[in-house]
Amino acid sequence: MARKISYQQAISEAMDQEMARDQTVIVMGEDVAGGAGTPGEEDAWGGVLGVTKGLFHKYPGRVIDTPISESGYVGAAVGAACNGLRPVAELMFIDFMGVCFDQIFNQAAKFRYMFGGKAETPVVIRAMYGAGFAAAAQHSQCLYNIFTHIPGLKVVVPSNPYDAKGLLIQSIRDNDPVIFLEHKVLYTMEGEVPEESYAIPFGEANVLREGDDVTIVAFGRMVNFAMEAAGNLQKKGIHCDVIDPRTTSPLDEDTILESVEKTGRLVVVDESHPRCSMASDIAGLVAQKAFGALKAPIEQVTAPHVPVPFSDSLEVLYVPSVARIEAAVTRVKEYS
Amino acid sequence: MARKISYQQAISEAMDQEMARDQTVIVMGEDVAGGAGTPGEEDAWGGVLGVTKGLFHKYPGRVIDTPISESGYVGAAVGAACNGLRPVAELMFIDFMGVCFDQIFNQAAKFRYMFGGKAETPVVIRAMYGAGFAAAAQHSQCLYNIFTHIPGLKVVVPSNPYDAKGLLIQSIRDNDPVIFLEHKVLYTMEGEVPEESYAIPFGEANVLREGDDVTIVAFGRMVNFAMEAAGNLQKKGIHCDVIDPRTTSPLDEDTILESVEKTGRLVVVDESHPRCSMASDIAGLVAQKAFGALKAPIEQVTAPHVPVPFSDSLEVLYVPSVARIEAAVTRVKEYS
Amino acid sequence: MSETLNRESLLKAYRTMRTIREFEERVHIDFATGEIPGFVHLYAGEEASATGVCMHLTGTDYIASTHRGHGHCIAKGVDPVGMMAEIWGKATGTCKGKGGSMHIADLSVGMLGANGIVGGGGPLICGTALAGKIKGDKSVGVCFFGDGASNQGTIFEAMNLATVWNLPVIFLAENNGYAEATSSKYSVSCDNIADRASAFGMPGVIVDGFDFFAVYEAAGEAIERARNGGGPTLMEVKVSRYYGHFEGDQQTYRAPGEVQKLRETKDCLLQFRRRVTANGEITNEQLDAIDAEVKALIDGSVVKAKSDPKPAAAELMTDVYVSY
Amino acid sequence: MSETLNRESLLKAYRTMRTIREFEERVHIDFATGEIPGFVHLYAGEEASATGVCMHLTGTDYIASTHRGHGHCIAKGVDPVGMMAEIWGKATGTCKGKGGSMHIADLSVGMLGANGIVGGGGPLICGTALAGKIKGDKSVGVCFFGDGASNQGTIFEAMNLATVWNLPVIFLAENNGYAEATSSKYSVSCDNIADRASAFGMPGVIVDGFDFFAVYEAAGEAIERARNGGGPTLMEVKVSRYYGHFEGDQQTYRAPGEVQKLRETKDCLLQFRRRVTANGEITNEQLDAIDAEVKALIDGSVVKAKSDPKPAAAELMTDVYVSY
Ligand SMILES: Cc1ncc(C[n+]2csc(CCOP(=O)(O)OP(=O)(O)O)c2C)c(N)n1
Ligand SMILES: Cc1ncc(C[n+]2csc(CCOP(=O)(O)OP(=O)(O)O)c2C)c(N)n1
Ligand SMILES: [Mg+2]
Ligand SMILES: [Mg+2]
């Protein structure tokens, strides 16, 4: 398992391997190939950041460019999933969900229940999320909490290349609608990724680091910040469990609760806005189900309740920092 | 203040009085008048449940029917707000937000920030929400948590006729975008409502009942359930603070925290699905900021993580009940 | 055109239309007693549309429907007994009582669901059609939608997409003159919905929706073209509903007598009967017999729906995901 | 048509187009150094469109723009110095550095904002126009959007709404042949975007977007009609962009030499210069002088942008609501 590839390559590879394995897997989105309508220039882009590059020629007819009609093609992906395909629809930036949310939350998510169990909708919706590219308020949001809220959806937020590959393969094989969210800043992150195909089950948190003092639960890019903070804190004698739930829905409650039973202290790190967020979700869970173990306030380290600013001088303050995580952990550790 | 009117009438009256007071207030939505295109039959409906009935003839040209194009007219309301009007756009059921969410969360909510403080967007979006009408999965959701998450929006969930009137008047006068949510089951609720115009400020919780044992925070229709539960519990010697935040954004944190400082015990009642909900939001808030006072786990009484079912045998189980609230309060009271 | 329809097909068409009518008239009556929960939108008056279209469809073809979906369901082969139970909120319903009138679906017969979201079906049907195209099964998809829905962005996007992808899809606009209380003369910015076809590079057709044969013929042409790779069609069926937007609607926006006149002069069942009995193809007795059978079927469905059990409490927490 | 444009107006038009060009070419150069943050989409090549349209607009008229918004901003009167600072993320920027290239807005001159959401402006401009109509101020609204955006549901809905409400709105489709890497031949299901006008009950016009005078004339007609209560128009401007979709795009989907040829044969500035100097209305020297002034202005804006301060930390938490 010595091979290192990037998060972006891991995502490409997952799609490639699943397309090879299963004829019913198709990929669609704006410029997932690129060059449509210009003879001889097909696959000009392979996705806005090149993630689907090469699939167009390898899987003829199964990588499909779309007009800029997100309701149209995301809904089409949902419909195709009802009729035997396993579409992977790319929404480019999760911020665009606002023009197609109905097809996701009222249609795909609810079919199975509304239809009395008679539908399966194995659709995957991939999108980039997160701040860090100075892409400003309409291209930098997290929004996974919104999807997590909706029954019928599964929500995946990989924090590293290994998870990205295994979770995307699971997403494609899963028979429920899955929202697969890729942090744009992580695209260049390198990590060890097996060449062979593997699926990581949903609802199984990854414990990246163990320590008895404080539990840190973090999501996506924040997992890496949490690890860095935990490393620094270790030197100061504070030992942390660092938990990456990997999927926000389903959520591995047990791993989180067991950790807090041990440490009695919890910091949740979430890049999104604070209100009704994953940070509050985890905090609420623990305050209900592991209250007896708690020795300190639960700290939520999140972005503030403001849109994502453009200028890097503000964006860097907007995103939760390693320093803020360390400070929060230190506070809960010192609380008595 | 002896006059009693219904929640629905209170909402009508608020719009009427504001339209009379301020020429720039307009109302738009599907069949807010009704009968458009059929000469002589204008104002045939006055809204799907008659809430805007009568305004059409009273305020010529200011009650505007729309095609079924929610992105189109909600966006138009936002644009009109940027150009000097105070539009009240009706979305009918909040569940329809999925076809127009972009205009709300990426446009209206973010203008002021993205434009460096140079925009004001005094738009109100009214919609019905909540279960209880056997209206099934696509017409019964709460979804206020989604709007609460978005910086730049204000979110209002009145629980009674008095608040409905005062909060809607404030919503119309407010210079930020406001999501005003009306629980459909409450439409027939009667209550004392002054005839004169009055505005209830945002971010000021209503403490409906005081007691030293347990704090109950509830939203919308659940406030009434919480009051009923508190009444029953009183007879068993358990005394509750019942807090209705009235607006989920901004949130009156102080009133909630002060109450928990006193009681040490908290139950949050939220009709919505549980994940990343207002219930978890309040629980997370208290677990961080009033931890020292907490004597028991924070209980969240919510609907389950399933779409809203149609049949009343299931819907009644779906909605949090008075009995479940009583049980939760009793548990936290007895916890030690 | 009735040449191409043999006697068996004609009887089948009549039975379908009659079943829809009987079903809807019965729901109308029972709703008034307060026993039926939720919102109900009746299709009575529009039977020739669903029937004339769905007669051409096979089990692998899909339709997407609307809030006014009972007729589409019945025409596509959903069991009316299960439907009635569903509308009554019973465990024996098509969707176990979890969906109700606005969400009846039966994917096993290619019925992708009524839809509580106006315009929701447009994108979905592009998807089933795309899947059929990729699988090479020669199936088509039909998206039923209303005049009101014709102004929803999802429908426009779907029409464009269907042409861009050359999908076998029929966009079947049922223009019944109103969206709730709003006239299509107000909400649709061109004279006919079908006039929008050229904006999406597809043929547009206008059909008298009270005339089963007209619908049947036009739909046949469009569906055949789609099946043979000729791409989508926008077909506008001009029709009317006999009841209010939903049950309970006082219909103050309609001229008094409007519906009565339609019933007398334009009724699709009466017209059909006149035509097929006039040339002796079918006898009045044969049709009467169908009327009686259908009545018995619907009566029975109501009796059963009334006595069937409601969903058990445990059902609340099932069917959310494949795993629970 | 240049009859109706006096010399002053012609010089103004040229200055606007030249300012846009200079601005964009300069951003192109500076972006390559890595100093400019975020995504930047350049308008170079399309100057005649924004300019020919906005020359007709007054301060109470609004425009809604797109991700490719610099040209629209400059043409509508937003200060290029503030814009440059904004693009560089500086506190002195039009939006205090909080919005960046994709969100430049200045409501004080009727510029409702660039928009990061394709098609986002359609509904918004209906709103400003409705407000103008209700206030009776005779203002109009122009929604600029691309060929790609022409397939977004919001644009379709807005066009229908504008006719239904008889709004003074111009839907100004800038068809530059591509949406990102996708040809409009693929994504637009009819021959011309303007062909969609009839689907929405409004006139449709096609204009050569390299020809300032053609744009000016057609826009003038549409805007006058709108101002006088004649309702909306869909106007398609056929044009091309000189750079990639965003800065960094390798443009492998374009024929080699495509842009070079356009620059040589179709450049709006060259054409304008040839025409106005040919008949002696304006001299080359006058235009050269403008070129020099504009260059100095843009040079200065960059010098300033580079040295201006970034937003202070406290700015993170302001401008969310009116109260903070
Ligand atoms: C997105 C959305 N907007 C609004 C509604 C409310 N609504 C339900 S049916 C209806 C009218 C539909 O009219 P039309 O499409 O003509 O169909 P018809 O009822 O005439 O069959 C409306 C506005 C909805 N269900 N979904
Ligand atoms: C709703 C939405 N979908 C997709 C995108 C990503 N995107 C940004 S610009 C663009 C292409 C737009 O093409 P067009 O409308 O032709 O404008 P042009 O770039 O050619 O000026 C796309 C797909 C977006 N910003 N918003
Ligand atoms: Mg209709
Ligand atoms: Mg373009």
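Throughout, protein chains are lettered first and strands after them, A, B, ... in sequence-line order, and every chain is numbered starting at 1. Everything numeric here is computed off the predicted structure, so don't read it as measured data.
- Looking at D/Asp137 and D/Thr60, their side chains never bring a donor and an acceptor atom within 3.5 Å of each other.
- For a residue to count as touching a neighbouring chain, one of its non-hydrogen atoms must lie under 4.5 Å from one of that chain's; by this rule D/Phe156 does not touch chain B.
- Put simply, CD1 on D/Ile223 and CE on D/Met235 are 7.5 Å apart, with the number rounded to the nearest 0.5 Å.
- The contact between D/Thr318 and chain B is made entirely by backbone atoms, counting heavy-atom distances below 4.5 Å.
- In this structure a side-chain-to-backbone donor-acceptor pair under 3.5 Å is present from B/Tyr59 to B/Asp16.
- When D/Met102, D/His103, D/Glu157 are compared by the number of non-hydrogen pairs under 4.5 Å with chain B, D/Glu157 comes out ahead.
- Of the atoms belonging to B/Asp65, it is backbone heavy atoms, and not side-chain ones, that fall under 4.5 Å from chain D.
- Residue with the most contacts toward chain B among D/Thr154, D/Leu107, D/Val164, D/Ile117: D/Ile117 (heavy-atom pairs, distance under 4.5 Å).
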Next on the checklist: With ring pair (Phe, Tyr, Trp, His ring centres under 6.0 Å) as the criterion, how do D/Phe39 and D/Phe31 come out once you've worked through the C-alpha distance, each side chain's angles and the decisive distance to 0.1 Å?
Outcome noted: CA-CA 10 Å; D/Phe39 296 116; D/Phe31 191 90; 8.9 Å; no
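- When each of D/Gly99, D/Gly153, D/Ala131 is checked for heavy-atom pairs under 4.5 Å with chain B, D/Ala131 comes out on top.
- Taking 4.5 Å as the limit, every side-chain heavy atom of D/Arg227 sits out of range of all side-chain heavy atoms of D/Pro168.
- In this structure, chain D has a heavy atom under 4.5 Å from the backbone of B/Glu70, while its side chain stays farther away.
- With rounding to the nearest 0.5 Å, the separation of CG in D/Leu130 from CH2 in D/Trp165 is 5.5 Å.
- Without hydrogens or angle criteria, B/Asp31 side chain to B/Val48 main chain gives no donor-acceptor distance under 3.5 Å.
- In this structure, the portions of D/Leu112 lying under 4.5 Å from any heavy atom of chain B include both its backbone and its side chain.
- Looking at D/Lys133, neither its backbone nor its side chain comes within 4.5 Å of chain B, counting heavy atoms on both sides.
- In terms of heavy-atom pairs under 4.5 angstrom with chain D, the leader among B/Met28, B/Lys118, B/Gln107 is B/Gln107.
- Heavy-atom pairs under 4.5 Å with chain B were tallied for D/Ile125, D/Thr94, D/Asn160; the largest tally goes to D/Thr94.
- Side-chain contact between B/Tyr73 and B/Leu91 is present, with heavy atoms from C-beta onward closer than 4.5 Å.
- The salt bridge (Lys or Arg N to Asp or Glu O under 4.0 Å) pairs that include a residue from residues 76-94 of chain D number zero, where partners must be two or more places apart or lie in different chains.
- Only the side chain of B/Ile26 comes within less than 4.5 Å of a heavy atom in chain D; its backbone stays farther off.
- Proximity to chain D involves both the backbone and the side chain of B/Asn175, based on heavy atoms less than 4.5 angstrom apart.
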